[in-house]
There are 2 protein chains.
Amino acid sequence: MNTQREVDEFVKNGHREYLPHVSIDSVIFGYHDQQLRILLLRWRGLEGWGLPGGFIRRREPLSQAAHRILQERTGLEDLFLQQFHVFGDTPYRVRERSPEEFIEKYGLDIGHDNWLFERTLSIGYFALVDYSKVTVRTDFFTDAYQWWEVGEIPPLLFDQNEEVEKALATLRLQIYHQPIGYNLLPEKFTIPEIHSLYETILGKELDQRNFSKKLLALGLIRKLDERRAIGPHRSPYLYQFEKEAYEEALKQGIVHTY
Amino acid sequence: MNTQREVDEFVKNGHREYLPHVSIDSVIFGYHDQQLRILLLRWRGLEGWGLPGGFIRRREPLSQAAHRILQERTGLEDLFLQQFHVFGDTPYRVRERSPEEFIEKYGLDIGHDNWLFERTLSIGYFALVDYSKVTVRTDFFTDAYQWWEVGEIPPLLFDQNEEVEKALATLRLQIYHQPIGYNLLPEKFTIPEIHSLYETILGKELDQRNFSKKLLALGLIRKLDERRAIGPHRSPYLYQFEKEAYEEALKQGIVHTY
DNA sequence: AAATTATTCCGTAAAATTTACGAATTGTGA
DNA sequence: TCACAATTCGTAAATTTTACGGAATAATTT
């Protein structure tokens, strides 16, 4: 959706193709260089940042819509994607920016009763990706993107800071029940890398020796016979996730600490 | 909504008062006589059971809608109520029963394009109540209610068995992170009572001696100087939840086993 | 070639928590 | 007063978590 014609069609007749009153917002977590970051888009003209999102096609299964929206935005086909909350306690979210402003800034030929200005619930999904593999695409409404550190998220449009907070809280809780990392790390990784990932997500220090012991004891990772050169230091061994054990743990859930 | 006139109005013009395409379904867990049960309503004419539910008013905050719907149905004002999932992967859920059948069974004067037959996402909430305190109200569409044991839920209308399963799974996971019981037990309860509640929810045995030690160590309950007469046996002491510690644990979350 | 430096990684002991279970206590009816 | 069934107390064993000393290692510098 990038030409003016496509946008006009979407704005005027989108409610025929998509379900009105419901949207999907995605909090996309990326990890790279020992940083946990979130992908934000800058809305053209509004001078503000917001979460990538989209609408659900009228005959499209919900989870499929979420995957489609992520795919369109990041190019990633197969990623960890999970619903975490529905936001709908602020009935007139979009009105924070008036329809007038919106219509003017984007040069749209529509009225205040357009479907986009109606009450909308946001279904929040969060995704975990390796952000070096992502190719972000902006669209008509957005002109820039940026990976923001989770501790430095700016005030977002449409009350979306609450959504980011909730996503982060869900991720932190979930890490105690489910393995995380498969979608955030390269296929082969070192102990220091995954250790740092967990520390970053949980926001606290973990003893590296005990941490790796734990992951091995749970059977979630396997040591390889290769090492990674990291400059003037001892080369750490590479590890891989044990696919079966990982999947099993995802399904069953595990109760433990790190 | 019980008179024919009210129903006609709701069916014909409900989409003006309520948001179309979205509904709330509630899985109401009740506990009594050492049984964990779920409240189901029988749909008049359709010969089937379903979850209590309702729609969101156009200007009503989502969580308020969920509380209102529960209140209308059970008479309870203040209860534990929590969103757990949005269901929307089966785009044409209601079509399992055809519009024709629906229209005929309820004697409605509407077309197949009525808003009630459009694609609808269900936002699932679950509630915890003491079911001896509940006064259930049926409405025009339903003619009976019953508290069903969680292990014996019949096939439900509209694919709602999946929702019940998910609610139960969420409850079982949550019990490892948050205290549960305040809304399911009377104000004063005995160790055997709360012990049995936890066993019922988790579906497995817990050593009673260790269980009560744990709750006391966490500071969640306080022993009272009263006892409950339970027939020809030693009278157990009564306990109360420590409100502050309980609230704190609810907010912060706890990581532990029982 | 040896020394230096920063980092990985192995192993063990102490502390804390969880699990297991024996036995005393108690309220009521026979 | 005895028997019974259920509650409650207490302690020891097993397991898990936490803490941390010190060896190994890969370049780079001397």
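Note on naming: letters A, B, ... go to the chains in the order of the sequence lines (proteins, then strands), and numbering restarts at 1 for each one.
For Pro192(A), taking side-chain heavy atoms from C-beta onward, the closest of the listed nucleotides dC20(D), dC9(C), dA27(D) is dC9(C). Of the candidates dT26(C), dT25(D), dA19(D), dA19(D) carries the atom nearest the Asn210(A) side chain, counting heavy atoms from C-beta on. Considering only side-chain atoms of Tyr237(A), the nucleotide from dA26(D), dC20(D), dC9(C) that sits closest is dC9(C).
Ring geometry for Trp43(A) against Phe158(A) counts as perpendicular: the plane angle is over 60°, on a 0 to 90° scale with 30° as the lower cut.
Across the interface with DNA chain C, nearest-nucleotide mapping of Asp207(B) and Ile230(B) shows Asp207(B) to be the residue nearer the 5′ end. Between Pro232(B) and Pro236(B), it is Pro232(B) whose nearest contact on DNA chain D lies nearer the 5' terminus.
For Thr74(A) and Tyr145(A), the side-chain atoms include no donor-acceptor pair closer than 3.5 Å.
A donor-acceptor distance shorter than 3.5 angstrom exists from the side chain of Glu199(B) to the backbone of Leu206(B), with no hydrogens or angles considered. Here the side chain of Arg37(A) pairs no donor or acceptor atom with the backbone of Tyr31(A) at under 3.5 angstrom. Listed for the Asn161(B) side chain is a donor-acceptor partner under 3.5 Å among the backbone atoms of Pro154(B).
Between the C1' atom of dG11(C) and the CZ atom of Phe211(A) lies a distance of 19 Å, rounded to the nearest Å. In this structure, CD of Gln208(A) is placed 12 Å from C1' of dC10(C), rounded to the nearest angstrom. Atom pair Leu224(A):CG and dC9(C):C1' shows a separation of 16 Å (rounding to whole Å applied). Put simply, CG on Leu206(A) is 11 Å from P on dA19(D), counting in whole angstrom units. Atom pair His233(A):NE2 and dT29(D):C1' shows a separation of 13 Å (rounding to whole Å applied). Between Glu205(B) atom CD and dC21(C) atom C1' there is a gap of 14 Å when expressed in whole angstrom units. The distance between atom NZ of Lys204(B) and atom C1' of dT19(C), rounded to the nearest whole Å, is 12 Å. Regarding Phe189(B), its CZ atom lies at a distance of 15 Å from the P atom of dT7(D), rounded to whole Å.
No hydrogens or angles were tested; on distance alone, a donor-acceptor pair under 3.5 Å links the side chain of Arg234(B) to the base of dT7(D). Under 3.5 Å, the side chain of Arg209(B) and the base of dG22(C) form at least one donor-acceptor pair of N or O atoms. Residue-to-nucleotide contacts include no donor-acceptor pair under 3.5 Å from the side chain of Lys223(B) to the base of dT7(D).
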